[in-house]
Amino acid sequence: MKALFDFGFHKFVTPSIIKIIYVLIMIMLAVGYIAFTVMAFASDVMFGILVLLILGPLFTLIYLALARASLESLIAQIRTAENTSELVRLAGGTPPSELQHGSVPSNPAGPTNFQARPAAPTDPTRPVNRQDPEGGSTPPENPYKS
C-alpha cells in the first residue's frame, strides 16, 4: 500500500497487484459472457444457443489469452528494468531511479591517453578482439562508476 503513494516511482507496484488485476479481468469476462448469453437468448433461442456454446467461450478465451499476454509482457518489462538497475548497482554506478530528480548521468569520458600504434600484421587464425586489437584481456572502462 505504501508503494501506491511513492510519487518518486522508486518501487514498482505492478508486480504486487498484477494477480488482483488478472482475477478482475476474469470476473469481468465471465459477467460479460453471461450478460451476452442472456441478451442473445432474449433476442432468439437459436442465437442464444450459438452464443452459449460457441461464440461466448471463443471470445472469452481469446480475450483472456490477450489479457494474460499483455500482463506477462508488462511484468517482463518491469523485471528487465529491475535487473538492469541491479546490474548498474553491481557495476558500481547509480541506477537512474536512485538519481536525484532532474539530474542526468554524464556521458562517460573518452580515452585520455590515446596513442596511435602502427598497424600490426593480421593473423587469420587469431580471433578478433574489437576492444583491444593487441589481444589483451583488459576490460573496458565502466561508464557508470561515479
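- Contact of the T14 side chain with the L71 side chain is not registered, since no non-hydrogen atoms from C-beta on lie closer than 4.5 Å.
- Hydrophobic clustering places Y22 together with I17 (ILVMFWY residues linked when any side-chain heavy atoms are closer than 4.5 Å, directly or through intermediates).
- Under the 4.5 angstrom side-chain criterion for Ile, Leu, Val, Met, Phe, Trp and Tyr, the cluster partners of I62 are L58, L66.
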Show me the donor-acceptor pairs, under 3.5 Å and distance only, between side chains in residues 35-57 and residues at least two apart or in other chains.
residue, atom, partner, partner atom, Å
T37, OG1, Y33, O, 2.7

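- Taking CD1 of I18 as the start and CZ of F12 as the end, the distance is 12.5 Å to the nearest 0.5 Å.
- V31 shares a hydrophobic cluster with V23, I27; the chain of contacts runs through ILVMFWY side chains whose heavy atoms sit under 4.5 Å apart.
- Distance check: N83 CG to R89 CZ gives 11.0 Å after rounding to the nearest 0.5 Å.
- In this structure, OG on S70 lies 11.5 Å from CD1 on I21, to the nearest 0.5 angstrom.
- Sorted by first then second residue, the side-chain hydrogen bond (donor to acceptor under 3.5 Å, both in side chains) pairs that include residues 56-68, not counting sequence neighbours, are R68-E72.
- Cluster annotation: I34 and L24 are assigned to distinct hydrophobic clusters (Ile/Leu/Val/Met/Phe/Trp/Tyr, side-chain heavy-atom contacts under 4.5 Å, transitive).
- Hydrophobic clustering, defined by side-chain heavy atoms of Ile, Leu, Val, Met, Phe, Trp and Tyr closer than 4.5 Å, leaves L61 isolated from every other such residue.
- Checked against side chain to side chain donor-acceptor pair (under 3.5 Å), E82 has no partners two or more places apart in sequence or in another chain.
- Remark: L87 CG to T80 OG1 distance equals 10.5 Å, nearest 0.5 Å.
- Formation of a donor-acceptor pair under 3.5 Å by the S73 side chain with backbone atoms of A69 is not found in this model.
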